[in-house]
Amino acid sequence: MITFSRRNALKLGAASMGASLFAQPAAALVKIVVTGGDFEPMPIGVPTFSSADPQLGSELTQIVIDNLRGSGLFAPYPTEQMPLKMGDVNQTPEFGAWRQLGADALVMGSVQRTGGQIRADVRLWDVVAGEEGFGRSFAADENNKRRVAHILSDAVYKTLTGEDGYFDTRVVYVAESGPKANRVKRLAIMDQDGANNRYLTDGGSIVLTPRYSPTGNMLSYMNFSGDVPQIYLLDLSTGQQQRVADFGKMTLSPRFSPDGSHLAFSVTTGADTNLYLMNLQQRKPMQLTSGASINTSPSFSPDGQRIAFESDRGGSQQIYVMSANGGGAQRISFGDGRYSTPVWSPKGDLIAFTKQKDGQFHIGTMRPDGSGERVLSSSYLMEGPTWAPNGRVLMYFKDPGGDSGPQLYTIDVWGRNERRIETPTYASDPTWSPLLG
């Protein structure tokens, strides 16, 4: 059972993401506590940030508003409803007017260009208690000014929920274009909200299943450039690509270990597909499964001790969990339907999956022991769940069928707030980065 409560105590001790601007109070302030799925988003005021460049102040304010509203946890007021249209970071708010409006929290900020950077000075206020939540400065390179808004949105999110945010992140996905029977598939990267989209590969070969490394600087993916599909690595800082190894057989479904030192993947031999684990320094693969079955889609637990995977060893496609060194596999999916694409949450508390049942596809979650199964969304075709780094939001792709194509969506772990993420082309196979830091 998951519910939300508001106006609960929170000791403010979150780490600053920029230079400290004001002293942090020791008082306990307003907080959203997540314990259930039926709740009313926290009303919050975000007046336009003051700036010598009004367009810049307005633009960054809107990104913060969109982030908070998009999370489903906050309800920012429209500008015309607020008692103050432009914030003054150096003034204590008139709390009475904001309380009369019904606001629980208030964000005031100013934005300026300085030394090739965009800097935002921001104060978060608890309207109910009439106290300051934090006062900080946030900065990012002027060439990526949107990051300032994402970083301070994460700080507001963490202060008011107690959990890390996920706004200062990126998503890599497969961009699909062209006729349905002959789609060009390229790797593309964007901010988590769909902005700053650019291509990483040229479309000369089909690419599938990109997966971020835990440090966020490397991708693994399937490349169909040769006679046999193989796993490649892509260095995001240099653009350099390399084949992991030449098995002479199809390799698929790569996934990094939590420390980034190993790669788990599948190798197909005839009708059988088995899991392998390879140290990326030594490049010596170790076979983890065996037998006449299809074992694929490995995903590590956050501590690196276990691997969830899908297998038809029992006669139908189901999810299993085993030791990261192989052996001891235990089936954990027992509902009706076929289960696939297990992905362990960064928090370790849930495993996301795709399920096919009654002619429909479903995205859901279950605990690592298989209990607590919850279907979050259903459609004609949907697959490929990936976790936000805070483990509280999922992204996946959904294809409505017909003449259309796949599109990216997000939803929270309580099955609320499903939202489409706009992309320039059709989009599938998303992978969410860690926080950029």
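Since the structure is predicted, the reported quantities are computational estimates derived from the model, not experimental observations.
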Strictly by modelled atom types, are [X] and [Y] linked by a side-chain donor-acceptor pair under 3.5 Å?
X      : Y      : answer
Gln287 : Tyr276 : yes
Ser137 : Arg119 : yes
Thr289 : Asn274 : yes
Thr354 : Thr341 : yes
Asp312 : Ser316 : no
Ser253 : Thr296 : yes
Thr169 : Gln192 : no
Thr410 : Glu418 : no

Problem set entry | Listed partners of Gln317 passing side-chain contact (heavy atoms from CB on, under 4.5 Å), at least two apart |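 By the side-chain contact (heavy atoms from CB on, under 4.5 Å) rule, Gln317 matches Glu310, Arg338, Ser340, Gln356.
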
| request: Only counting residues at least two apart or in another chain, list the ones meeting side-chain contact (heavy atoms from CB on, under 4.5 Å) with Ser110. | output: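 By the side-chain contact (heavy atoms from CB on, under 4.5 Å) rule, Ser110 matches Ser50, Val89, Asp121.
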
Please list all pairs passing the ring pair (Phe, Tyr, Trp, His ring centres under 6.0 Å) test where one or both residues lie in residues 415-434, with sequence neighbours left out.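 Sorted result for residues 415-434: Tyr166-Trp432.
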
Original post:
Would Arg255 count as a cation-pi partner of Phe300, with NZ or CZ less than 6.0 Å from the six-membered ring centre and within 45° of the ring normal?
Top reply: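 Checked: cation-pi criterion not met.
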
query = Does the pair Tyr157 and Phe167 meet the rule for a ring-ring contact (aromatic ring centres under 6.0 Å, His included), with working shown?
reply = CA-CA 9 Å; Tyr157 184 101; Phe167 305 117; 5.7 Å; yes

Original post:
Given side chains that start at C-beta, do those of Ser377 and Met382 come closer than 4.5 Å, heavy atoms only?
Top reply: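 Yes - at least one pair of side-chain heavy atoms lies under 4.5 Å apart.
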
Note to self: With side chain to side chain contact (heavy atoms under 4.5 Å, CB included) as the criterion, how do Tyr173 and Met190 come out once you've worked through the C-alpha distance, each side chain's angles and the decisive distance to 0.1 Å?
What the structure shows: CA-CA 8 Å; Tyr173 66 96; Met190 65 181 182; 3.8 Å; yes

### Query
CG/Leu152 to CZ/Arg136 distance, rounded to the nearest 0.5 angstrom?
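CZ of Arg136 is found 10.5 Å from CG of Leu152.
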
Item to complete: Would you indicate whether Gln281, at its atom CD, is surrounded by more than 12 heavy atoms from other residues, nucleotides or ligands within a distance under 6.0 Å?
Response: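 Result for CD/Gln281: open.
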
Over 12 non-hydrogen atoms of neighbours within 6.0 angstrom of CZ in Arg198:
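Not more than 12 within 6.0 Å, no.
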
**Lys/Arg-Asp/Glu bridge criterion (N-O < 4.0 Å) met for Arg146, Glu59** =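 Answer for the salt bridge query: no.
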
Original post:
Between Arg186 and Glu176, is there a side-chain N and carboxylate O pair less than 4.0 Å apart?
Top reply: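 No, no charged N to carboxylate O under 4.0 Å.
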
By salt bridge (Lys or Arg N to Asp or Glu O under 4.0 Å), which residues pair with [X], not counting sequence neighbours?
X      : value
Arg113 : Asp53, Glu142
Arg170 : Asp191
Asp168 : Arg147

- prompt: Of the options Asn295, Val267, Ile294, which is the one that meets Thr273 in a side chain to side chain contact (heavy atoms under 4.5 Å, CB included)?
  reply: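 Option passing the side chain to side chain contact (heavy atoms under 4.5 Å, CB included) with Thr273: Ile294.
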
task = Apply side chain to side chain contact (heavy atoms under 4.5 Å, CB included) to the pair Asn223 and Gln241, showing each step before the final yes or no.
result = CA-CA 10 Å; Asn223 191 327; Gln241 301 179 57; 4.3 Å; yes

Exercise for review: Go through Ile44 and Asp104 one step at a time and tell me if the side chain to side chain contact (heavy atoms under 4.5 Å, CB included) criterion holds.
Suggested key: CA-CA 6 Å; Ile44 186 169; Asp104 283 351; over 6 Å; no

